[in-house]
Structure formats: structure tokens, C-alpha cells
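Encoded as C-alpha cells, the structure appears first; notes follow it.
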Protein chains: 2
Amino acid sequence: MSTSTGSERRTGTETRAEILRVALRLFTEKGFEGTSTRDISSALGMTKSSLYYHFKNKEEIVASLMDERRDELDEFVEWLAAQPPAPDLLRRAVLRWVSGATPERLQLMSLAHANQPIMRRLMGSGQELRSNFDRVIDLLTGEAAGPRERLLTRMAFDTVSAALLAALGTDAGPDEIIAAARDAGAALADSLTPGG
Amino acid sequence: MSTSTGSERRTGTETRAEILRVALRLFTEKGFEGTSTRDISSALGMTKSSLYYHFKNKEEIVASLMDERRDELDEFVEWLAAQPPAPDLLRRAVLRWVSGATPERLQLMSLAHANQPIMRRLMGSGQELRSNFDRVIDLLTGEAAGPRERLLTRMAFDTVSAALLAALGTDAGPDEIIAAARDAGAALADSLTPGG
DNA sequence: GTCTATAGGTTGATAGAC
DNA sequence: GTCTATCAACCTATAGAC
């Protein structure tokens, strides 16, 4: 990121990143609507007004958070589109996607799922996240696939979220969650490609 | 309408149920925090104050909604505890649980997952839902099972939620979602009991 | 059971000094 | 970039008439 390309102009990127980090923690803990701008600013030791210097409004904060996820998905779609068709492509793709999960991405996904209303509103003005995932499904199932197959394929990729969900009240750590997601993703992929 | 069983005393049970139905719809649409008591009351054609006649506060509304789920889980745990140990018990239990899903229960689960913060707060004063599910896992895995196996078992039961999640931006209907959940649950159960 | 009126508080956001 | 001061809008919840 910092790419100091000669000009010493520092536009406050560090503060921005710090805000995002704190906001992500609070949003996941108390939800988007349950977290006030005051909560965020005081956790950072600043005032609300300072927050509004860095972000236009509260919604832009969570939007910035989600932009990071979108970039990762774009990268994955690019990789997938470049793969030649193969019987085990589904399995390989699922494992690649699931294995790419990091604790921070886990937190981001958890945020997205625990706050669907705001996410839906966010998608309104730039809905590329879901529809990009649609492309993943298209690439893997073909257009002739029925809704049941498409849904199951989607679930194979969503095992990270599913594992996250299942681990909610548990003392399972990020590594165990990702491991379980891997296993589940493989099992679902195998059930979809009977021949193995 | 309404079960006039001799005594004409009508305690307003119908209104209560109607409130719950409308509240469930609004909570799932806009989230718990995003739905005001005013939203609920005006959707019912009444005022906020009337709402407070039927429920102590906003939180009690969502708590009542969740009570229904708890009852269903209790019933399932009772059934499971009465089953003799068998190799295919996991598969049978998963299918029974998943098949019991109705569109309304789907909506309830969706609500629970989309509003984790309030759910966590709710559990504080009577946490029986998660811990009861712990008992399901205990009954099926035994105490010697590792965290990975326990997590995967949990995921097998959570396929309804997972299918719901995967179907979010999709045009999949309740029946397709439940069907996909069945398939996924069976696949996960099979992957956990190698012998079949 | 439902209403009007209102209390008492929080929210997201802006203006403008420094 | 951060602050103080302020705003209108909204919120949950209650009091009390009918």
C-alpha cells in the first residue's frame, strides 16, 4: 500500500486504516446499527467530528471495509476464469477459495452476514459482490444446471461462513474453523461430482 | 373468531400473534435495530403505545419470537436422547432436523443469524438455545471427540442456515433451500461416518 | 385495548474556530 | 486534522384520558 512514489504527500492513510480496524472490531461485536459513531471515535481517542473528516458518513466506513473483500473476490474470479475445464476443477476451486481465508477475512465475512440489512443497502449503489459470485457459479456449473445444483455449489464455497456460524458459541479458534471449512467444502464438492 | 370457550374473556392473544407475525417480517427485512417500534405499530395500523400494552418492550418481542424456536429444539433433543446408539444415527438425526424446517422456521433462523448482537444479549438472561445444541453434539459425538469433529457435526445440522445464507441474493424459494440443505446435511454426515 | 401527548435520551451529521 | 458546539431527527418508553 504505502508506495511512497517520490512525493511525500501523506494524506492520513494511517489514521484511516486505524479507524477501519477499530470499526471492524466494534461492528462485529455490536453490529453496524448498534455501533454509534461516538463508540468508534471514543475507542480511538478522538471525537466524532474527526471521524467525519476521514469518512463522509458511517456507511462509507463499512463500505470501505467491504471493498477489501471485493478485491479478493475479483482476483479469485480472474484465476478461475483462466482455468481450463476439468472434472476436479470444482474441488480445486473450493479448496483454493477456502484456504485463502485468513482470520481477518473471517471477521469481514462474519460482519457481512451478521448485518445483512446494511449490506443489502450497500449493494444497491454498486452491487458487484454477489453478482461476481454468480459468475463463479456460472463458470463452475454451466448454464444448464438446475437451481439445486447451483445452490449446492454456492454452499461449497460458503463453508467458511457456515463454519463460522457453527462455531459461534464455541471456543473454536480461527484455524480450527478454517480446517473444518476445508473438510466440509471438500465433502460438498465431492458430493456434486459423483465420479470424483 | 377465536375459541370462545365459555368465558368470554379474550386476552388479546390474536393481536399478540399478529404483532409477532408483522414484527418477524420487519425484523428480517430491516434488522432488529433498524426496525423501530413505530415501524411495527404503523404496519399494524395502531400506535406505538398499543404495542407496549402487549409487550413490555421491544426486546420482548424478539424474545417471544425466539421462544418458539427453543421449543422445537427441546423437542428434538428429547427425541434424540431416546434413540439407541447406531452407526447411522447421525445421518438420521440430521435429516430429521433438516426436514423439520418450514418456511417460517427458515425466517426465524434467518432472523437469528442476521441479528447476532441482539441474540447474544438475549441469551444472557436465559441461554438455553446454544447450550441445548451443545447437548445434541454431545449425544452424537461422544465426549472423546475432537473440536474438528464437533464443529463438522454442528455444520451438518446447520446446513439449513448455510443454505439460507447461500441463497441470499438468489431467487431460490424455501423448498429449494430446504432440499439443498438436506443434500448438504447428508453429504456432511456421510463424510463424518466413513463406514456409511 | 387503543389513543394523544410527551418525557428523556441518543443518533448521524454539520459549522466553524484553531 | 482535530476540536467545541450545536442541530434536527429519531428513538424507546411512560402517563393518563377514553
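Just so we're clear, the structure is a prediction, and the values are computed from it rather than from any experiment. Atom set for the values below is all heavy atoms of this structure, side chains included, hydrogens, waters and symmetry mates excluded. Chain identifiers are assigned alphabetically (A, B, ...) following the order of the sequence lines, protein sequences preceding nucleic acid strands; residue numbering begins at 1 within each chain.
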Next on the checklist: Just to be sure I understand the rule, does B:Thr47 reach a base, reach only the sugar-phosphate, or reach nothing, if contact means heavy atoms closer than 4.0 Å?
Outcome noted: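 The residue B:Thr47 makes base contact.
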Next on the checklist: Under 4.0 Å, counting only non-hydrogen atoms across every strand here, what does A:Ser41 touch: a base, just sugar-phosphate, or nothing?
Outcome noted: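 Counting heavy atoms under 4.0 Å across all strands, no contact is made by A:Ser41.
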For the pair made of [atom1] in [X] and [atom2] in [N], what is the distance, rounded to whole Å?
| X | N | atom1 | atom2 | result |
| --- | --- | --- | --- | --- |
| A:Leu51 | D:dT4 | CG | P | 15 Å |
| A:Glu60 | C:dG12 | CD | C1' | 14 Å |
| A:Ile118 | C:dG12 | CD1 | P | 11 Å |
| B:Ile61 | D:dT12 | CD1 | C1' | 11 Å |
| A:Glu33 | C:dT10 | CD | P | 18 Å |
| A:Phe55 | C:dG12 | CZ | C1' | 16 Å |
| A:His54 | C:dG12 | NE2 | P | 18 Å |
| A:Arg38 | C:dT10 | CZ | C1' | 9 Å |

Next on the checklist: Side chain of A:Ser49, heavy atoms from C-beta onward: which of C:dA13, C:dA15, C:dC3 has the nearest atom to it?
Outcome noted: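 Out of C:dA13, C:dA15, C:dC3, the nucleotide with an atom closest to A:Ser49's side chain is C:dA15.
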Item to check | Out of C:dA13, D:dA13, C:dT2, whichever nucleotide has its closest atom nearest the side chain of B:Met46 | outcome: C:dT2
Does [N] have OP1 or OP2 sitting under 4.0 Å from an N or O in the side chain of [X]?
| X | N | result |
| --- | --- | --- |
| A:Ser36 | C:dT10 | no |
| A:Tyr52 | C:dA13 | yes |
| A:Ser50 | D:dC3 | yes |
| B:Tyr53 | C:dT2 | no |

Checklist entry - Considering only heavy atoms from C-beta outward, does the side chain of A:Thr170 approach that of B:Arg154 to under 4.5 Å? => result yes
Checklist entry - So, do B:Arg150 and B:Thr153 sit near enough that their side-chain heavy atoms are less than 4.5 Å apart? => result no
Next on the checklist: Under 3.5 Å, is there any donor-acceptor pair linking the side chain of A:Thr37 to the base of C:dT11?
Outcome noted: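 Check fails, no donor-acceptor contact within cut-off.
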Next on the checklist: Quick check on DNA chain C: between B:Lys48 and B:Gly45, whose nearest nucleotide comes earlier from the 5' end?
Outcome noted: B:Gly45
Checklist entry - Parallel, tilted or perpendicular: which fits the ring planes of B:Trp97 and B:Phe76, with parallel below 30° and perpendicular above 60°? => result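 Geometry flag for B:Phe76 against B:Trp97: tilted rings.
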Next on the checklist: If only side-chain N and O atoms count, and only distance matters, is there a donor-acceptor pair under 3.5 Å linking A:Asp39 with A:Ser36?
Outcome noted: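 A donor-acceptor contact under 3.5 Å links the two side chains.
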Next on the checklist: Quick test of your reading of the model: are A:Arg135 and A:Asp138 salt-bridged, counting only N-O distances below 4.0 Å?
Outcome noted: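 No, no charged N to carboxylate O under 4.0 Å.
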